[in-house]
Every structure is written in C-alpha cells, then in structure tokens.
Amino acid sequence: MNSREEVSLMLFQNYGSRELTIVRGQGVWLYDEQGRDYLDMTAGIAVTSLGHAHPRLVEAISHQAATLLHCSNLYQIPQQEEVAKKLIEFSGLDAAFFCNSGAEANEAALKLARRYASTQHAEKTILLSLPGAFHGRTYGALSVTPKPAYQEGFGPLLPDCHTPTSFEEVLSSVNSDTAACIVEVIQGEGGVQPVPHEFLQELQKRLKAVHALLIVDEVQTGIGRTGDWFAFRSAGLDPDIVTLAKGLGGGVPVGAVLAKQEVAKTFTAGSHGTTFGGNPLAMSAAKTVLEEIEKGNLLEQVRRVGDKVRQFLEEHFTQVSGQGLMWGFTISEDARNFVKNAQEVAGVLMTAVGENRIRVVPPLILEEEDVDEFAKRIYTIL
Ligand SMILES: *Cc1c(COP(=O)(O)O)cnc(C)c1O
C-alpha cells in the first residue's frame, strides 16, 4: 500500500482526500477491506441502478466481453438499435445518440441545439440555464453550470451562455436570440430541489413561441430514479432533447442524447461523434438495465419503497424533497460530518449536497426491509 503522501502526489487531488476503500459489492451492500458492510444509499452517485453484482448484468457484460468489446462507430452496432428502440418507446422522442457520460451527453445536446438553430433561423446562439443547475464539467456543460466554485479559474467559458439569477428572470430572458434552455426537473447536485412544474411549463411555452429548444437534463433523474422512466413526464413537459447517463449503464459508463427527429437530423454524417460511444459492452449493460427495470416492475417498486424512505426522513429531518428514490433533506449540523458519522458509526453511505444538505439515491432495487435497516442504522447516530 502507498502512504497517504505518496497517493496525494501520484493522483490529482481534485476529489480531496478519500478515506474509505470499497472492495466488493452485493445488491444494496458494499464491503471495505476489513469486510465491514455498508448500506449503499448513494449507488455510486445515482449510477448502480440494479445494485452491485446483479447476476443478469454480470452475465450480459461478461458474455459481451467474451464476444466483442468494441469495434467503433465505423460499423453497425445492433445493440445500439435495441437500446435506442426502448428509449424511444419509453420517452416518446424519436432518435438516440450514444456517448460515455453525462457531461458528454449535455455537450452534444448544446451543440445539437446550436446546430439546429443555425439550420433554422440564422443567429440564434444563446443557451440559457437555471440558477442552481448542474450539467457537468466539460467546457460547454460547465458554461451552463452557474456555480462559482466550479467555474473559477477556468475562463473564458463558452460565449452566449446565460444563467439568470432567478426563475422569473429566466422567463423574461427568452427571446428570438435564444437557441435553447437546459433544465433539470429535480436539481440533484443543487440539493435535490424540485423545480416547480408551473415554471417549467411556462418556460416551455415561451421557448416554443420563439422556436427555441427545451433540453431536459435527465442524467440523474432518468431511467427510473423518480419512479417513472423520465422525470419530464410527471412535469408535463414535451422536451426537444433529453440527456441521460448515470443510471443507464448500471455502473458501466454510458450516456445518451434523445431528440425529436427534426432536431436529431441536423447532426448529419461527420458533424459529431465519439470513439467509444455506444460500444457493444456499454450497450449490453444499458439493454440489461432497461430490461430488468421493465421485467422487475421496478418503477412501481421505486415509488412504493421511495415513499417509505420519504416517511422516515420526514419524521427526523426537515425540508425533505425529491421523488421516487431521489431524496434530499436538511440537517442542523455540518453535512460532511453527518455523512462521515453515518459511514463510520452507522455503516450507511450517503452524500452531502450543500453545507447542511444530504442526498440519498440508493439502487432502484432497494426493498422495504432495506429501509427498515436504513432507519435502524440512522437511529444510532441521531
Ligand atoms: C452527474 C450529472 C451530470 C454530469 O455527468 P458526468 O457523467 O459526471 O459527466 C450532468 N447533469 C446532471 C443532472 C448530473 O446529475
């Protein structure tokens, strides 16, 4: 083992210091080097939707690895068509593009919006985003993520990205120069804050009126997280572009952009691309995740079990908000302290999303008895 000092020199320190080493997982449980168990209420930041070492996912990716890992987008990849077909069916959008992460999906979405605008109505280049938003760390995605700590020292950012400081101001900013507005239905990194549906619907109306696109970033909320395939459905939205990643691959890196045909077709041959995106391994994972959510009736389970999580949280904490298996709550102490305590004393993994704000985004396979265990463990640190 390397000493802490050695590690701090050989790895970039952008994640700060990391205390826990996880070596194995099974279902909703994770284990450290000493074999100690942790109830996983974080799921690798809303990623491992089927939990850990899910037998069907293991089988699918093992089989695919032994058959064909990668061949590039120079060739047809039938697995992309299968995953696209399902995503189209569940979302009501028309076509899919596959990439490798959330930021990459948003990057493609922003490019697509400007490209669409350029083929439609000349000089529409403005990209709008919401206060509290998080869309990722690449330059485009970062430029629509108005968090000073994330943007500091990286300027100049992408031109023509505007983030008004209130929802009211977002509405009044929409004009004929607007190419698109990107929104989350529930702001995950922003503290699991649901964005009011009436605001989103009004925003959609104004965007439509000036032929600007609505991009819904479902990187965190999509693929069952909220108890529906997509959060935009319960918000009553009709997006032109939807971005996905996190839970879609169940732990295998994969991102996707879904769009209406009229918009998708502006990415003509050669206009955008990725080497790894949608490779057979990633697609076998995504296909299995979608099948398991469908076959296991997991959307219904997420709503039912999520309601039990909400009830427990509301009994003990304040400002509980979210949907399905995506919850945030406020505590009086320092959030990082609480998370550390939960990990070290209670054996529960959660994340801090703000000074006094905690997020729980467990695997979608969480069951009612796991919530009892969660409650039992959390009582030990209250
Ligand atoms: C995590 C997240 C991203 C960024 O995804 P990466 O895979 O980390 O690039 C973008 N948007 C939302 C809403 C997210 O939660």
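Residue indices begin at 1 and follow the sequence shown. In listed order, ligands and their atoms are each counted from 1. Please read these numbers as outputs of a predicted model, since none were measured by experiment.
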Engineer: G136 to ligand 1: N or O pair under 3.5 Å?
Structural biologist: no
Engineer: For atom 5 (O) of ligand 1, what's the nearest protein heavy atom and its distance?
Structural biologist: G102 CA, 3.3 Å
Engineer: Do V360 and W327 have side chains that approach each other closer than 4.5 Å (heavy atoms only, starting at C-beta)?
Structural biologist: yes
Engineer: What class does the angle between the rings of Y379 and F312 fall in, given that below 30° is parallel, 30 to 60° is tilted and above 60° is perpendicular?
Structural biologist: perpendicular
Engineer: F374 versus V28: any side-chain heavy-atom pair under 4.5 Å?
Structural biologist: no
Engineer: Could you tell me, atom by atom, which parts of ligand 1 come under 4.0 Å of a heavy atom of S101?
Structural biologist: 7 (O), 9 (O)
Engineer: Against heavy atoms of A103, which atoms of ligand 1 measure under 4.0 Å?
Structural biologist: 4 (C), 5 (O), 6 (P), 9 (O)
Engineer: At a 4.0 Å threshold, what atoms of ligand 1 neighbour a non-hydrogen atom of N106?
Structural biologist: 10 (C), 11 (N)
Engineer: Enumerate the atoms of ligand 1 whose separation from the nearest heavy atom of H135 is less than 4.0 angstrom.
Structural biologist: 10 (C), 11 (N)
Engineer: For atom 2 (C) of ligand 1, what is the closest protein heavy atom, and at what distance to 0.1 Å?
Structural biologist: K246 NZ, 2.5 Å
Engineer: Please tell me if the side chains of I378 and M350 come closer than 4.5 Å, counting only heavy atoms from C-beta onward.
Structural biologist: yes
Engineer: Do the non-hydrogen side-chain atoms of T221 and D228 ever get within less than 4.5 Å of each other?
Structural biologist: no
Engineer: Can you find a protein heavy atom closer to atom 8 (O) of ligand 1 than 4.0 Å?
Structural biologist: no
Engineer: Out of I186, D217, V47, V216, who is nearest to atom 13 (C) of ligand 1 when you count heavy atoms only?
Structural biologist: D217
Engineer: Any idea which atoms of ligand 1 are less than 4.0 Å away from a heavy-atom of E184?
Structural biologist: 13 (C)
